[in-house]
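Input: a single structure, listed below in structure tokens.
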Amino acid sequence: MAPEEVDVGNLTFETLKKIRAYLKRMIQVGGSDLHIKANSVVRARINGDIVPLGGEILGKEEALTFAKELLRGRFAEFVEAKELDLVYPFDERTRFRVNIFFQMDGVSAVFRVIPVKILSIEDLNLPSIINKFTEMERGMVLVTGVTGSGKSTTLAAIVNEINWKKRKHIITVEDPIEFVHKDRKCIVNQRSIGQDTHSFHNALRAALREDPDIILVGEMRDMETIEIALHAADTGHLVFSTLHTLDAKETVNRIISTFPTEEQNRIRMTLSNVIQGVISQRLVPTVEGKRAAALEVMVSTPRIKTLIMENRDSEIRDTIEEGKQIYGSQSFDQAILDLYSKGTISKEAAFENATSASDLKLKMEGVNMSKRAGTKEGEEDASKPEFEEDDIFDLKT
């Protein structure tokens, strides 16, 4: 398909109106992502599952029309690039991060809800140790996890806390900008890839000349961006960023392995000096049919620095667990055990999301033994409530 300009005057916007109805319905039922695909029904991610929002199939031509109505003057750019990121304002309270792309059946798009209100660390029920990262003056803090695990929400809460407490210059580089931070005590300059700068590494290199105290890099995608981010942290700035890694150990490995073999010892040395913490997130289904965040939190200590420097990454998880009482660190299994002990998640969900189900089982047995000391033999735990699945996703209801 050759790039073409769109005559907005010939568009009826009926298809976009239909998609807006799906977006409204998804918001009403608490969904996070709306999936549009040519020759398929519209689906949404609700409490972690992909479910149909109705039975109507969106035809190939209708999906193409939707792309024209959504993008208008950027449609030619979309056809040329084959995919496009943008932010779509739905109303005064709701915005969506959108990725629209071509696939074998035509056009597809994914809308992700961006909350207008930035929730606080307390609102999100994050461990209190997260507040420590808002007090730091320099170094690097990484938030990791799979797509949709809440990395951006956690980072927004941290930046928002700093914005209200300190008098600093914060620069963010994002693709695209999700949470909008107004100047409070801080001055906050937010730059979007494509619109305000060409790339993460270009913006990060420029940021070093813009008198920043704190730099947020939306994602460390390549070696050059990681190198500049490490340099920024090493020269007295506080750098926040994200990686698509599962835990602290994998995060360290990913950063090191990005570089050529002959550079890895140097990077290990730098990383061990600048790393202040790694926050890794997983969303676990709750007994109420929602999702709760389980966080592994690695806090930089002399021992953690030594393990990174000496290539003893396999010992990081045990060190995190040992530091829970003293430093406030915690492994995923410790976080999941806490959620299970509070009755937030079921035993099945705990095992399914644990790093080591066998280790978690031993921890559970230790907790249960201490809880049941002195109870009568054969006494049963309170039974888990049963939930019936309601057909709440039909647009006609």
Side-chain angles (χ1 to χ4, degrees), residues 121 126-146 149 151 154 158 220 226 229-230 233-234 238-259 264-282 284 293-341 350-351 353-367:
I121 292 172
L126 300 179
S128 58
I129 187 63
I130 303 300
N131 286 286
K132 177 181 178 180
F133 300 125
T134 70
E135 300 291 343
M136 293 174 174
E137 296 293 328
R138 61 189 60 83
M140 178 177 285
V141 177
L142 301 174
V143 181
T144 81
V146 299
S149 59
K151 299 186 296 295
T154 296
I158 292 173
M220 296 204 298
I226 295 173
L230 287 170
D234 199 31
L238 180 57
V239 177
F240 293 98
S241 192
T242 71
L243 283 169
H244 293 288
T245 48
L246 294 178
D247 55 24
K249 173 188 171 183
E250 185 184 331
T251 300
V252 172
N253 288 334
R254 176 72 60 82
I255 291 173
I256 303 300
S257 63
T258 300
F259 292 82
Q264 291 183 3
N265 285 337
R266 176 179 66 84
I267 297 301
R268 274 194 177 277
M269 183 70 69
T270 303
L271 182 62
S272 67
N273 286 332
V274 304
I275 195 70
Q276 295 285 7
V278 179
I279 305 164
S280 303
Q281 303 191 178
R282 296 176 190 171
V284 183
L295 271 64
E296 177 182 272
V297 184
M298 186 192 84
V299 179
S300 182
T301 65
R303 177 165 173 76
I304 288 289
K305 290 178 180 292
T306 297
L307 295 180
I308 296 173
M309 192 183 310
E310 296 180 357
N311 194 11
R312 295 159 59 190
D313 303 340
S314 61
E315 300 176 44
I316 287 177
R317 188 176 61 152
D318 289 343
T319 304
I320 289 173
E321 292 194 342
E322 292 165 3
K324 184 174 176 65
Q325 297 301 323
I326 300 174
Y327 301 109
S329 60
Q330 62 181 31
S331 68
F332 270 123
D333 288 356
Q334 287 174 321
I336 287 172
L337 180 60
D338 287 344
L339 291 173
Y340 170 71
S341 299
F351 287 147
N353 290 274
T355 299
S356 172
S358 58
D359 288 351
L360 181 61
K361 184 177 181 181
L362 292 174
K363 290 182 175 71
M364 283 183 177
E365 289 173 353
V367 170

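The heavy-atom pair separating Gln330 from Leu295 by the smallest distance is NE2-O, 2.7 Å. Across all non-hydrogen atoms, the minimal contact from Gln281 to Val143 is OE1-CG1, 4.0 Å. Taking each heavy atom of Val278 and Ile275 in turn, the nearest pair found is CG2-CD1, 4.1 Å. The two atoms that bring Ile304 and Val299 nearest to each other are CG1-O, 3.7 Å, heavy atoms only. Closest non-hydrogen pair, Phe133 versus Gln276, comes out as CE2-O, 3.6 Å.
Ion pairing between Glu321 and Arg317 fails under the 4.0 Å rule for side-chain N and carboxylate O. Taking 4.0 Å as the cut-off between side-chain N and carboxylate O, Asp313 and Arg268 count as a salt-bridged pair.
Legend: residues meeting side chain to side chain contact (heavy atoms under 4.5 Å, CB included) with Arg138, ordered by chain and number and at least two apart, are absent. In terms of the side chain to side chain contact (heavy atoms under 4.5 Å, CB included) criterion, residue partners of Ser241 (sequence neighbours excluded) are, by chain and number, Leu142, Val217, Met220.
From Thr306, atom OG1 reaches atom CZ of Arg312 across 7.5 Å, with rounding to the nearest 0.5 Å. Ser331 contributes atom OG, which lies 9.0 Å from atom CG of Leu337 (distance to the nearest 0.5 angstrom).
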**OP:** Output, in order, the C-alpha distance, side-chain angles, deciding distance and verdict of side chain to side chain contact (heavy atoms under 4.5 Å, CB included) for Lys151 and His244.
**Re:** CA-CA 9 Å; Lys151 299 186 296 295; His244 293 288; 3.6 Å; yes

